Chemist: 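Have a look at this one.
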2 protein chains.
Amino acid sequence: MSDLKEAKASKAKPLKNVLLAGLYNQPRSGYEMTKWLQMAGQHCWSVEHSSVYPALRELEKDGLIKSERAPGTRGPERSIYSVTDAGREELTAWVANGSPRPAIKDEQILRVLCFDLLPRETALQQIRAVRADHQAQLEFFLERQAVLTEHQLGPLLVTRRGVLAEQAYIAWCDEVAEMIARRPT
Amino acid sequence: MSDLKEAKASKAKPLKNVLLAGLYNQPRSGYEMTKWLQMAGQHCWSVEHSSVYPALRELEKDGLIKSERAPGTRGPERSIYSVTDAGREELTAWVANGSPRPAIKDEQILRVLCFDLLPRETALQQIRAVRADHQAQLEFFLERQAVLTEHQLGPLLVTRRGVLAEQAYIAWCDEVAEMIARRPT
DNA sequence: ACAATCATGTAATAAGTTACATGATTAA
DNA sequence: TTAATCATGTAACTTATTACATGATTGT
């Protein structure tokens with residue numbers, strides 16, 4: 001049954017590799033990791049804290065990361081995780097492999113597909129709200145971009161992805177709005 | 001942050017609404033639906049056939065869609081599903097609500113974050129392969145776009161989203177390649 | 001005849017969310 | 001002192017994937 005199973009690195013739990021990548025970038029607590037994935041990394045791998053904490057403990061149990069207790073400078077005590085040498089090896093192997101295409105789950109696009117079910121003004125309002133949401137996200141990425149240099153190449157490129165993705169989404173929203181506005185009633 | 005959250009409507013089983021939207025756009029069999037979601041709709045809602053068939057049967061049981069047996073013109077007999085009046089109502093309510101932000105799961109971005117773990121040439125090869133993949137997808141969308149008119153506004157806008165998204169991804173790949181190439185060894 | 005594709009289905013498992021909990025610290 | 005945020009955790013549940021199956025039809 002499970003003979004070749006868990007020798008090493010074979011069965012990729014995607015979240016584990018994501019966390020490894022995040023911690024390699026910078027040591028973080030579970031809380032900070034969650035925030036990072038939900039803010040800066042929203043466009044990489046969105047996840048809830050209830051998935052993060054157990055995964056971190058497993059990674060530590062596997063010896064891929066280690067934790068240090070840090071007194072809370074502005075908050076209670078927390079565990080700061082960082083990647084071990086073994087974790088770095090695992091991570092390198094994972095990074096060297098190509099990815100499958102990202103799995104997208106965007107309901108909004110399907111809503112637009114059916115916009116002829118709505119009165120024009122309702123549809124327009126919705127797409128404007130969506131645009132505003134992505135505009136806010138774009139501004140967040142632009143601010144990060146402004147403080148990053150080529151010395152932090154990884155974070156800079158991740159942020160660039162955020163900028164380009166949000167700009168593309170906004171451009172699409174504008175096209176949608178324009179076409180809807182021109183639509184015959 | 002945003003007021004896109006929810007307004008009270010269908011207890012969202014997301015896939016069901018996605019299928020409803022797809023069938024409203026055009027009646028399809030389970031097989032065709034799966035293909036559509038994996039090709040044209042890859043950038044909307046990726047899913048496996050094993051999720052599609054049970055969901056379709058549930059939708060039919062709920063009276064939101066109905067099926068007709070069609071003799072296989074080029075294949076065995078299949079069931080063609082289409083949206084009922086009740087389904088259309090449900091769909092309209094769903095379309096009227098805003099979406100939460102799309103949940104993205106893109107390992108590739110995290111790999112790029114850690115590209116300093118790889119030799120320059122390995123990283124470049126990988127990003128070139130990713131670029132080629134998205135280039136192929138872009139060409140697929142461009143071909144669809146060419147045969148659509150403003151009379152099929154929904155499908156056209158969905159296709160435009162594909163085009164813009166792939167162009168943005170390709171532009172990012174190019175930035176990554178350029179920065180990696182300039183990176184000091 | 002054979003492979004490829006069309007077409008559908010089920011079972012076991014994986015992965016992640018929601019809801020439920022707890023408690024500490026900080027700013028008003 | 002009260003609310004907000006920091007910080008972590010568990011249990012039940014939902015959702016979707018992988019692997020396993022079956023069989024028909026079409027092109028070569």
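Labels below follow one simple rule: chain letters A, B, ... track the order of the sequence lines, proteins then strands, and each chain is numbered from 1. This structure is a prediction, so every number in the text was calculated from the model and none was measured.
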Chemist: When you check the side-chain N and O atoms of Tyr24(B) and Asp116(A), is any donor under 3.5 Å from an acceptor?
Modeler: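 Indeed, the side chains of Tyr24(B) and Asp116(A) share at least one donor-acceptor pair under 3.5 Å.
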Chemist: Let me know, please, whether Leu15(A) or Pro54(B) comes out on the 5' side of the other along DNA chain C by nearest nucleotide.
Modeler: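 Nearer the 5' end of the strand: Pro54(B).
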Chemist: NZ of Lys35(A) versus P of dT5(D): gap in Å, rounded?
Modeler: 9 Å
Chemist: May I ask you to check if Arg160(B) and Trp172(A) form a cation-pi contact, with NZ or CZ under 6.0 angstrom from the six-membered ring centre and within 45° of the axis?
Modeler: no
Chemist: Phosphate oxygens OP1/OP2 of dC6(D): is one of them under 4.0 Å from a side-chain N or O of Tyr31(A)?
Modeler: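 So the side chain of Tyr31(A) is within the cut-off, an N or O lying under 4.0 Å from OP1 or OP2 of dC6(D).
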Chemist: Glu32(A) CD to dA7(D) P: how many Å, rounded?
Modeler: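 After rounding, the gap between these two atoms is 6 Å.
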Chemist: I want to verify a distance call: between dA7(D), dA15(C), dT17(D), whose nearest atom is closest to the Tyr53(A) side chain?
Modeler: dA7(D)
Chemist: Between the opening five pairs and the closing five pairs of the helix from dA1(C)-dT28(D) to dA28(C)-dT1(D), how far apart are the helix axes, to 10°?
Modeler: 40°
Chemist: Between Ile80(B) (CD1) and dT8(C) (C1'), how many Å, whole number?
Modeler: 13 Å
Chemist: At under 4.0 Å between heavy atoms, what does Ser79(A) touch on the DNA or RNA strands: base, sugar-phosphate, or nothing?
Modeler: sugar-phosphate
Chemist: Rounding to a whole Å, what distance do you find between Met33(A):CE and dA7(D):P?
Modeler: 15 Å
Chemist: Got a sec: does the CD of Gln152(A) have more than 12 other heavy atoms crowding it under 6.0 Å?
Modeler: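 Buried by this count: over 12 neighbours within 6.0 Å.
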Chemist: Do Gln145(B) and Thr159(B) have a side chain donor and acceptor closer than 3.5 Å?
Modeler: no
Chemist: Specify the separation, in whole Å, of atom CG of Leu19(A) and atom C1' of dA15(C).
Modeler: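 Checked: the CG to C1' distance equals 13 Å.
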Chemist: Could you check whether atom CZ of Arg120(B) has more than 12 heavy atoms from other residues, nucleotides or ligands sitting under 6.0 Å from it?
Modeler: yes
Chemist: Do we see a donor-acceptor contact under 3.5 Å between the side chains of Arg101(B) and Gln137(A)?
Modeler: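 Yes, side-chain donor-acceptor contact under 3.5 Å.
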Chemist: Using whole Å, report how far NE2 of His49(A) lies from P of dT10(D).
Modeler: 11 Å
Chemist: Using a strict threshold of under 4.0 Å (side-chain N to carboxylate O), is an ion pair present between Glu150(B) and Arg183(A)?
Modeler: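 Salt bridge flag = no for Glu150(B) with Arg183(A).
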Chemist: Glu48(B) side chain: which of dT17(D), dA7(C), dG16(C) is closest?
Modeler: dT17(D)
Chemist: Quick one: which of dG16(C), dC6(D), dT17(D) gets closest to the side chain of Ser51(A)?
Modeler: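 Taking heavy atoms from C-beta onward, the closest nucleotide is dG16(C).
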Chemist: Out of dT17(C), dC6(D), dT8(D), which nucleotide sits closest to the side chain of Lys105(B)?
Modeler: dT17(C)
Chemist: Does OP1 or OP2 of dT14(D) have a side-chain N or O of Lys13(B) closer than 4.0 Å?
Modeler: no
Chemist: Report the distance from atom CZ of Arg28(B) to atom C1' of dA7(C), rounded to the nearest whole Å.
Modeler: 16 Å
Chemist: Can a donor-acceptor pair under 3.5 Å be found between the side-chain atoms of Ser50(A) and the base atoms of dT18(C)?
Modeler: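 Per atom types, the contact qualifies.
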Chemist: Rounded to whole angstrom units, what separation is found between the CD atom of Gln38(A) and the C1' atom of dC6(D)?
Modeler: 14 Å
Chemist: Can you check whether Arg57(B) has a side-chain N or O nearer than 4.0 Å to OP1 or OP2 of dT10(C)?
Modeler: yes
Chemist: Is there side-chain contact between Leu153(B) and Leu148(B), with heavy atoms separated by less than 4.5 Å?
Modeler: no
